[in-house]
Every structure is written in C-alpha cells, then in structure tokens.
Number of protein chains: 2
Amino acid sequence: MADVARLAGVSHQTVSRVVNGHPNVRAATVERVRRAIEETGYRRNSTARALATSRTNVLGVIASETALYGPAQTLVGIERAAREAGYFLTVVSLDHTSRDSAAEAVDHLIQQSVEGCVAITPQRRLAERLTAPDAPRPLVMVEGGEDWGLPVVCVDQAQGAAEAVEHLLGLGHRTVHHIEGNPLWPQSRARLAGWRRALAGAGAPAPATLHGDWSPRSGYEQGRALLARRAAGEPVTAVFVGNDQMAVGVLRALGEARLDVPGDVSVVGFDDVPEAEFLSPALTTVRQDFARVGQESLSLLLQQVGGADTAPRADLRRMVPARLLPRGSSGPAPAPDVRDNPRKETS
Amino acid sequence: MADVARLAGVSHQTVSRVVNGHPNVRAATVERVRRAIEETGYRRNSTARALATSRTNVLGVIASETALYGPAQTLVGIERAAREAGYFLTVVSLDHTSRDSAAEAVDHLIQQSVEGCVAITPQRRLAERLTAPDAPRPLVMVEGGEDWGLPVVCVDQAQGAAEAVEHLLGLGHRTVHHIEGNPLWPQSRARLAGWRRALAGAGAPAPATLHGDWSPRSGYEQGRALLARRAAGEPVTAVFVGNDQMAVGVLRALGEARLDVPGDVSVVGFDDVPEAEFLSPALTTVRQDFARVGQESLSLLLQQVGGADTAPRADLRRMVPARLLPRGSSGPAPAPDVRDNPRKETS
DNA sequence: GCCAACATTGTTGGCGCTAACATCCGGAGA
DNA sequence: TCTCCGGATGTTAGCGCCAACAATGTTGGC
C-alpha cells in the first residue's frame with residue numbers, strides 16, 4: 001500500500017479511500033491511484049482490514065450429511081447467495097461419530113470470528129448450542145424445528161406432503177401409507193404432519209407409519225415391512241415415501257415381490273433428485289427449491305444484521321413452497337376386487 | 001488479552017505464550033493464566049494473529065457441480081482432513097453461467113489470503129489460472145489432467161474402468177460399449193482410456209463411444225442411441241457407463257425397449273452411489289474412495305508447504321485405487337443366436 | 001560467595017489497514 | 001477584501017496479536 005501511495009504521489013490513506021470507493025476524492029487522483037494499483041499489482045490485505053474494522057466478511061455454514069441431495073443443494077444455494085452479497089464462506093461439517101461435534105463446530109466458527117452463521121443441519125443438539133449467548137450472531141437455521149428458538153428458513157414440507165397425499169387420494173386410493181425419513185430431522189416430522197393432515201382432511205384412515213433414515217437401504221427394508229403388512233391382509237395401494245432415495249429402495253422391494261408400480265401400488269417420493277425422472281417407472285415426487293432456500297437464508301441473515309444483536313428471534317421464519325411433480329409411479333387405485341382381496345397377488 | 005494478563009498478574013506476552021503452548025513457562029504460571037482465561041472467557045482473535053504471523057490457517061477449496069455425488073463426497077473428505085490438520089476451509093463454487101468464474105474464484109481465494117488451495121473442479125481454464133504465479137500456493141488439483149502442470153490426486157479411474165470391462169469380458173461378452181461422461185473432465189477421459197486399454201488387452205474390438213454429460217438425462221438419451229445402433233444390427237450386450245447417474249438413464253432406456261438387464265444387456269456404472277445397490281437390477285459399479293482422496297489431497301498439500309514455494313510441481317501425483325463391485329446388472333452374455341440376430345427383440 | 005548459563009517474564013515495535021481528526025485550499029457570500 | 005465552509009488530502013493512533021530482544025530470576029559449579 002505504501003508503494004502504491006508513493007507511486008501515485010499521495011498518502012496511504014488516499015489509496016485506502018480509492019480502494020474503498022470513498023466519495024470525496026478528486027477524479028484525477030482516483031485515476032492516478034488506480035494506475036498505480038494496476039502497476040504494482042496491489043491487493044488489499046483482508047486480514048488487516050478485518051482487524052481494523054472488526055468485520056471479517058466471512059459467514060459460517062454448519063453442515064452435515066452433505067452427501068445427501070438436499071443438504072448439498074442447499075449448500076450450493078447459500079454459497080451463491082453469499083457471494084452475491086459479498087461474503088466469504090467457511091464451511092464446517094459435523095462429524096456424527098463424535099458426541100460433541102456440534103459444540104466443536106460452533107467453536108470453530110467463533111474462532112474464525114464469522115459475522116453470521118447458517119446451520120443446515122437441523123439437529124436439536126446444535127440448536128441448543130446455538131442459542132447460547134456466545135454463539136455466532138446473527139444466525140439462521142435451515143429446516144429447524146419450530147420450538148428450537150431460532151430463526152428458520154424452510155421448505156413448506158407439510159404442504160408438499162399434503163399435495164402428494166391429495167394427489168394419490170384423488171386417483172382413487174382409499175388411503176396412503178407413509179415411510180418416514182430420519183425422525184430427528186424436522187423435515188421428516190413436517191412431512192409426516194402434512195401426510196396426516198391430508199388424510200384427515202379427506203376423511204381417510206391413517207395407517208401406522210414406517211420409519212426409515214433417508215437411505216435407500218432403509219427404504220428397501222421398510223418397503224419389505226410394508227409388503228409383509230400387505231400379505232397380512234392390510235390394503236396397501238399407495239405409499240408416500242419420505243424422500244426419493246428411500247423411494248428407490250421401496251421400488252426395489254416392490255419389484256422383488258413382483259408388484260407393478262403403479263398398477264398394484266403407487267409410489268411418491270420427495271426431493272426430485274435428478275434420477276427420479278429416469279427411474280422405471282419415473283418417480284412422482286415433490287420438488288424443493290433449494291436455490292431459493294439459500295437465498296432466503298441469506299436474506300434473513302442480513303435482515304438481522306441491523307437489529308439489536310441480542311438473542312435470536314424465533315419468530316423470524318421464511319417459508320419456501322414445494323411443488324408436486326406427477327409422474328409415472330403414481331396411478332389410479334387398482335380395481336376394488338383386487339383391493340378387497342390383496343392376498344390374491346402376493347400369494 | 002490485557003484483561004487476562006491483569007487478572008493473572010502477568011504480561012500479555014506470557015498469556016500469548018500460554019495460549020500458544022510455548023515451552024518455557026512455569027507450570028504455576030500456566031495454571032494461573034489458564035484460570036484467568038477460563039474466568040474471562042477469553043478467545044484468541046484469529047484475525048489479529050493472522051495479521052501478526054501472516055498465517056491465516058485457512059485453506060481454499062474450489063468446487064463446482066457439488067450436487068454430483070463425487071464432488072460432494074470429495075468435499076466432505078477434504079473438510080474432514082483439513083479440520084484434523086488444524087485448518088479452516090473456505091469454499092467457493094464455480095458458476096458455470098459466467099465466463100471467467102474460474103478467475104473470480106481464484107481472486108476470491110487470493111483476497112482471503114488462503115495458505116493453500118485444493119481444486120476439485122478439474123477444468124482446464126481453472127488449471128491455467130492456477131499455474132499463474134499469483135495463484136495461491138501450494139495447491140493440489142483433484143482429478144486434474146496429467147498435462148495441466150499441477151500436482152494431482154486422483155482415483156485410478158483407468159484401472160477401475162479396466163476392471164469393469166474385464167469383468168464383463170470375463171462373463172463372455174464379445175465387447176463392451178461405453179457411454180462417456182462429460183469429456184471435459186479428466187475422469188471421463190481416464191475411464192475411456194481404461195475401457196479402451198482393457199478391450200485392446202483382450203483383443204476385443206472397441207465400438208464407437210457415446211457421449212453424455214454425467215446427468216441421468218444424458219444417460220437416457222445415449223441409451224436410446226445405443227438401442228438405435230442395436231436395432232441397426234450392431235451387437236450390443238454390455239455397456240460400461242461413465243457414472244451411476246447416467247446408468248440410471250440407460251436402465252430406463254433399456255427398460256422402455258423391453259430389454260432385460262442383465263439377460264439381454266449388462267450394465268456397469270461408476271461411483272457406487274448409495275442408490276446403486278437398490279436399483280432394479282442392483283447396479284454393478286466401481287467404487288471410489290472419496291474420503292481417501294480428501295486425505296491424500298491434504299497430505300499432498302501439506303507436503304508442499306516445506307518446499308521452495310515456486311511453481312507447482314506437476315510430478316507430484318497420488319493415486320487412489322478403485323474397486324469393482326459386481327452386482328445384478330451384469331451377467332453372462334446372451335446365447336449366440338440372440339446376439340447374431342438382434343433385430344428379433346427390438347422389432 | 002561469585003559468575004556463567006539457562007529458565008522465565010517483560011518491553012518494544014510492528015503486521016496492513018482504517019477511523020478520526022487535522023490541515024490546506026478554493027470559492028461563495030458579506 | 002475578508003470570513004466561512006466544505007471538498008480534498010495528510011497525519012496520527014490504534015485494531016489484537018506475536019517476534020525479537022531485554023531484563024530479570026534461578027540454578028549449579030568452582
């Protein structure tokens with residue numbers, strides 16, 4: 001910086017002013033400094049700037065399970081939004097093998113003096129750590145629980161789930177079974193609630209739910225459990241699966257039992273992973289707009305910057321709509337005789 | 001820090017020594033300072049430390065397509081390895097819609113004064129930018145091309161591909177077709193090379209390759225192109241697909257044409273995404289050890305820290321083996337009469 | 001008992017930048 | 001012509017920390 005100042009024949013402060021776009025600098029001077037910067041290849045040192053202004057321009061992201069489609073997409077969305085807003089991003093992923101990895105992750109970010117934090121890992125333990133007074137502020141949790149006391153951005157999971165269920169009921173199914181994802185994730189609870197609400201709204205009975213963990217393997221296992229119920233006489237003609245990955249496992253289980261989808265059983269997933277459209281049959285699913293989630297998260301974060309930096313306000317919530325994409329895996333309910341006597345096919 | 005020093009009755013420098021684990025401090029003093037730190041809740045300011053030491057402790061990662069399984073997994077692996085090595089991570093993803101996003105991304109990292117950089121986006125344009133003298137040093141590219149002049153960590157794609165092809169030839173297939181992924185990715189080129197090498201090694205003819213872009217849609221399209229060739233009389237009994245996502249599209253195309261997998265055509269993918277095992281049929285594929293890639297990248301990065309920080313050395317290469325996982329989608333070649341008269345089935 | 005040698009602690013001077021204040025200058029108004 | 005004001009620039013004082021050196025103990029050997 002001193003070099004630039006010398007070269008341009010001004011003080012280092014004027015250089016600083018030019019770099020920061022300060023208004024009161026004569027155009028000719030700006031030009032001279034610009035050229036000097038060009039010539040020396042000067043780049044402002046963001047560390048020193050951060051020290052002087054006590055603004056790091058860095059936001060933290062706490063992630064986990066970034067191998068899953070949803071979290072990975074959300075992360076990308078946030079990254080994009082952050083860059084547009086002129087922020088850098090530090091990402092830390094939780095390690096599920098360690099007990100207090102949530103605390104470690106938060107410490108990591110505090111140490112980095114981030115100016116804000118987005119958690120895309122909706123874990124209760126993490127939420128608790130983040131409500132502590134020394135946690136980074138402001139903060140936003142993506143898909144956090146309503147009662148966790150944090151500002152939240154989330155997809156309207158319940159609405160998406162309800163749409164899926166209504167779609168199936170509209171096709172003539174008497175009821176819809178549900179395979180839940182990992183119940184520790186609020187997404188999972190919300191989809192469950194939407195499913196229940198839609199069934200209740202249509203006066204349809206709500207069969208006992210099955211519990212998976214988002215993985216294709218768990219989908220397969222729960223699919224088999226569903227088949228066992230069907231073999232026991234329970235009418236199973238439509239399944240709303242917690243996510244597309246599990247739906248793949250369900251399709252597999254149904255296929256092994258020689259059941260036709262959607263002829264015998266209709267299947268609907270959630271997420272709209274790129275593969276969904278190309279499964280056989282193409283998977284009906286509910287699309288989430290992750291890019292939008294990223295944008296809203298950042299907008300909610302920046303909105304809080306102005307306010308009094310006290311405790312996070314739980315009343316701040318942003319909802320992003322979800323959209324049903326009907327495809328081949330959902331069809332009309334099988335003829336009544338089939339449904340009345342399900343043993344026929346599985347025997 | 002001054003508070004801590006006052007409370008412990010020592011100078012700030014002694015506090016600094018305790019915090020940094022400097023050896024020559026009396027045990028009693030250490031204890032006193034520790035308690036003072038505890039009491040005041042003091043945390044060292046990493047910005048000031050970075051300014052004083054000119055070491056930021058931050059590594060940069062340039063990513064893209066983090067929605068794809070491979071990049072997402074690699075990112076996780078690097079994050080873990082970095083944390084273990086005591087580094088923070090700044091992630092920037094390339095925006096493919098913008099022409100010079102590679103340059104922007106690198107500038108972003110330079111501005112952040114990262115101490116090193118891992119590129120998990122094997123783009124030629126990016127590689128060129130990274131060979132410029134002002135790019136972050138040291139650096140490592142994951143899956144970079146051999147002639148890009150950068151240190152590289154990569155999975156042994158060629159070996160994995162060759163294993164896949166040999167597996168298929170071993171099942172009696174006369175040859176194996178190949179649907180390539182995005183040809184701009186060196187992974188894609190390497191798999192192609194492995195495929196070609198294995199065919200040549202077995203004296204099998206190499207059919208013209210088909211070109212996809214990693215997406216399920218492109219797999220579907222290329223699968224249909226393959227069917228057209230088959231309909232035209234070309235014997236197609238085994239396909240090695242560039243990745244699992246495209247393989248899903250291929251399976252769909254084959255299914256629509258009422259071809260049985262593996263009865264009529266065997267299909268092998270690459271990556272081993274979690275869904276692969278639960279497709280119908282279960283997809284034979286080649287697993288990449290992404291966690292290992294992350295570790296090796298970091299180790300290669302840190303290894304370079306000692307050396308003279310001149311241009312990146314292209315001779316630094318680390319290879320991670322790949323492993324074939326035979327599953328249901330690959331089976332013996334159909335009986336000769338079927339192969340001799342392929343028109344029969346597609347009509 | 002004295003001094004060298006070492007262990008322990010304190011003091012000083014930046015790291016590169018920005019905020020706040022100080023200074024200078026030209027032009028409008030009295 | 002003089003004053004006053006605001007635009008343009010320079011000067012000074014840190015931001016919180018660490019490296020280097022200075023100044024104390026403290027030990028052991030003669």
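Each chain gets a letter, A, B and so on, in the order the sequences are listed, and its residues count up from 1.
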Listed once per pair and sorted, the salt bridge (charged side-chain N to carboxylate O under 4.0 Å, His left out) pairs that draw on residues 54-78 of chain B, sequence neighbours left out: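 Sorted result for residues 54-78 of chain B: B/R55-B/E115.
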Tell me, which pairs form a salt bridge (charged side-chain N to carboxylate O under 4.0 Å, His left out) where one or both residues lie in residues 20-32 of chain B, sequence neighbours left out?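 Salt bridge (charged side-chain N to carboxylate O under 4.0 Å, His left out) check on residues 20-32 of chain B returns B/E31-B/R35.
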Per the ring-ring contact (aromatic ring centres under 6.0 Å, His included) rule, what does the pair list look like for residues 100-144 of chain B, sequence neighbours excluded?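 Residue pairs passing ring-ring contact (aromatic ring centres under 6.0 Å, His included), neighbours aside: A/F88-B/H108.
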Which residues pass the salt bridge (Lys or Arg N to Asp or Glu O under 4.0 Å) test with [X], not counting sequence neighbours?
X      : result
A/D3   : A/R6
B/E39  : none
B/R80  : A/D95
B/E128 : B/R124

Base, backbone or nothing for each nucleotide of nucleotides 13-24 of chain D, written B, S, -, heavy atoms under 4.0 angstrom, 5' to 3'? --BBBBBB----
Show me the donor-acceptor pairs, under 3.5 Å and distance only, between side chains in residues 72-79 of chain B and residues at least two apart or in other chains.
residue	atom	partner	partner atom	Å
B/T74	OG1	B/G70	O	2.8
B/E79	OE1	A/S93	OG	2.9
B/E79	OE2	A/S93	N	3.1

When we call it a touch if two heavy atoms are under 4.0 Å apart, what does A/S11 touch: a base, just sugar-phosphate, or nothing?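 Base contact.
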So, using side-chain contact (heavy atoms from CB on, under 4.5 Å) as the criterion, who are the partners of B/T90 when residues are at least two apart?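 B/T90: side-chain contact (heavy atoms from CB on, under 4.5 Å) contacts with A/T90, B/V58, B/L109, B/Q112.
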Please list residues of residues 23-35 of chain A whose heavy atoms come under 4.0 Å from any atom in DNA chain C, ordered by number; otherwise none.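 Going residue by residue through residues 23-35 of chain A, none turns out to have a heavy atom under 4.0 Å of DNA chain C.
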Interatomic spacing from CZ in A/R189 to CD in A/Q187 - rounded to 0.5 Å: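 Between A/R189 CZ and A/Q187 CD, I get 12.0 Å after rounding to 0.5 Å.
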Five pairs at each end of the helix from C/dG1-D/dC30 to C/dA30-D/dT1: take the axis at both ends and give me the angle between them to 10°.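 The helix from C/dG1-D/dC30 to C/dA30-D/dT1 shows an end-to-end axis angle of 50°.
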Whole-Å distance between C/dG16 C1' and A/I37 CD1?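 Taking CD1 of A/I37 and C1' of C/dG16, I get 14 Å after rounding.
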